[in-house]
Structure formats: C-alpha cells, structure tokens
Amino acid sequence: MGMDSTEVKRLVAETVVDRVVRSGMKVGLGTGSTAIHAVRRIGAGIAEGRLTDILAVATSFESTIEAQRLGIPLRTLNDPDIDGHLDLVIDGADEVDTRTGFLIKGGGGALTLEKLVEYNAGRLYVVVDESKLSRRLGSGFPVPVEVIPAALRAAARALEALGGRPELRMAQRKAGPVITDNGNLILDVHLGDADVDAHYLETAINSIPGVLENGIFSRADTEIWVGRADGTVEEVEIG
Ligand code: 5RP
C-alpha cells in the first residue's frame, strides 16, 4: 500500500525545504494543503535552531496565521529588509503543464499575492502530487480570476469573449460568493477543449478592466517537484 495524499504532500514539501532553504534567506510562504507542510518544516527548522536569520513573506491569511503560530519572522514585500525581492518561494499548484512548466494556481483564492511574491523571487519551487500533472493547461482545472466587485458582469463578458466560461466562486459555510483576502470576487474560468496559448492568455486576461490578477503562472524558470504514493520525490522534466 502506498502513502495517502496528505503524506505525499508532506513528503514533497519537506524534501524541497530541506534541499533549498538555508539560514539567512528571505523566503515566500505558499498557500494550500501542500505548501503548509513547507511552512511547518521551515518553522520546525527555526525552532530547532537549524535555520537562523530567516525572514518570510506570507501569500495569504492562511500562511500568515500558520507562520505566526510557529514563530516564523514575518515581513511584507514592502519592508525595507525585504525591499520587494525574495530569495525563493515554495508553493503548491492546482495544475502543472509538463510540456511548458506553466501553472494554474488560485484554488485557495490566494493567486494575487502568490503571483506578486512568486514573480519577485530569485527561485520558484512548486511542490505537487501526481494528480496535478497534465499535458494541457486548463484540462484539469479552471483558471481563477480575481475581479473587483464592480467589474463582475463586465469582466465575465470579456472572459467569455476570450473563449472561457466564467463561474462565480461560491463560499462554503457562508452565504454568497467567496471574498478574497483582498476583498474581491473570484471567477473560475473553464477553458474547454481548446489548446490555449497560456502565456498570451495570462496577459490578455489581466488587460480586462477590473481584473486584478489571474491564476496562470507562466514564469519561465519554475522548478517543479512531484511526490508519488510510492514515497519517491523527483524534479519534473519539462518538455
Ligand atoms: C492557493 C493555491 C494553492 O497552491 C493551490 O490551490 C494548491 O493547493 P493544494 O496544495 O491544497 O492542492 O494556488 O491559491
């Protein structure tokens, strides 16, 4: 019997933290059920004295709360000792296109801060289990788009004009839509069967008025690590 999905997520996240996080680094803390294991591993390293002089920037309320609980020193990207740039970020993803290394993120609604932090880091390490790997971006997961509330209908029409089928993300255990950490709404855009140009789409979606950010991450040098139920972890070969 192999490992269950939680164990696999923990294994891949911890393996990558141990490989790449060193004392003195400025690190971004990802969001979600995989990235949280990386946050906890960094927290344990600090508590045990293996990691010193770490400064962290969180990508959501979730990672902020966990970092505070663990005593990880938190800053914002604007703080003078961060000055808008991190050494590295470790985060999960909802879908990884193994042909290009492009990602869909934002299943947890944290895409705007995640992209801000991850496009301003020297290295981005993505940690996933096998279920996230695909050969066509958008085939496994819709693209989350954060829109300001006033733009909801107009942005939905513009996303339809780009060939997508937007769906307002609804909250659970709260009436009405999901409200993001930034006070906005999320449209989950189903792309259908077309083989989209993800790099083009990332830019095109962001030029719709009222769109704050979208969950396509086409950063070129992303390093992707996969954990498998047989207990192995390896870097995904892109191509
Ligand atoms: C949050 C994200 C997460 O990284 C993504 O949703 C993956 O989460 P999980 O590891 O729980 O599957 O982008 O906005």
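Worth knowing before you read on, the calculation uses all heavy atoms, side chains too, and leaves out hydrogens, waters and symmetry mates. Numbers here simply count residues along the sequence, with the first being 1. Both ligands and their constituent atoms are indexed starting at 1 by order of listing. Model, not experiment: these values are computed from the prediction.
A distance limit of 4.0 angstrom between heavy atoms and ligand 1 selects the residues T31, G32, S33, T34, D91, G92, A93, D94, K105, G106, G107, G108, G109, A110, E114, K132.
The side-chain contact (heavy atoms from CB on, under 4.5 Å) search around A35 returns D91, not counting sequence neighbours. Every side-chain contact (heavy atoms from CB on, under 4.5 Å) that F61 has, sequence neighbours left out, goes to D181. Residues passing the side-chain contact (heavy atoms from CB on, under 4.5 Å) test with R41 are E14, V17, D18, sequence neighbours excluded.
Annotation for D193: atom CG does not count as buried by contact number, only 12 or fewer foreign heavy atoms lying within 6.0 Å.
Applying the side-chain contact (heavy atoms from CB on, under 4.5 Å) test between L201 and each of T203, D197, I205 identifies I205 as the sole match.
Listed here is the closest heavy atom pair of E146 and T112: OE1-OG1, 2.6 Å.
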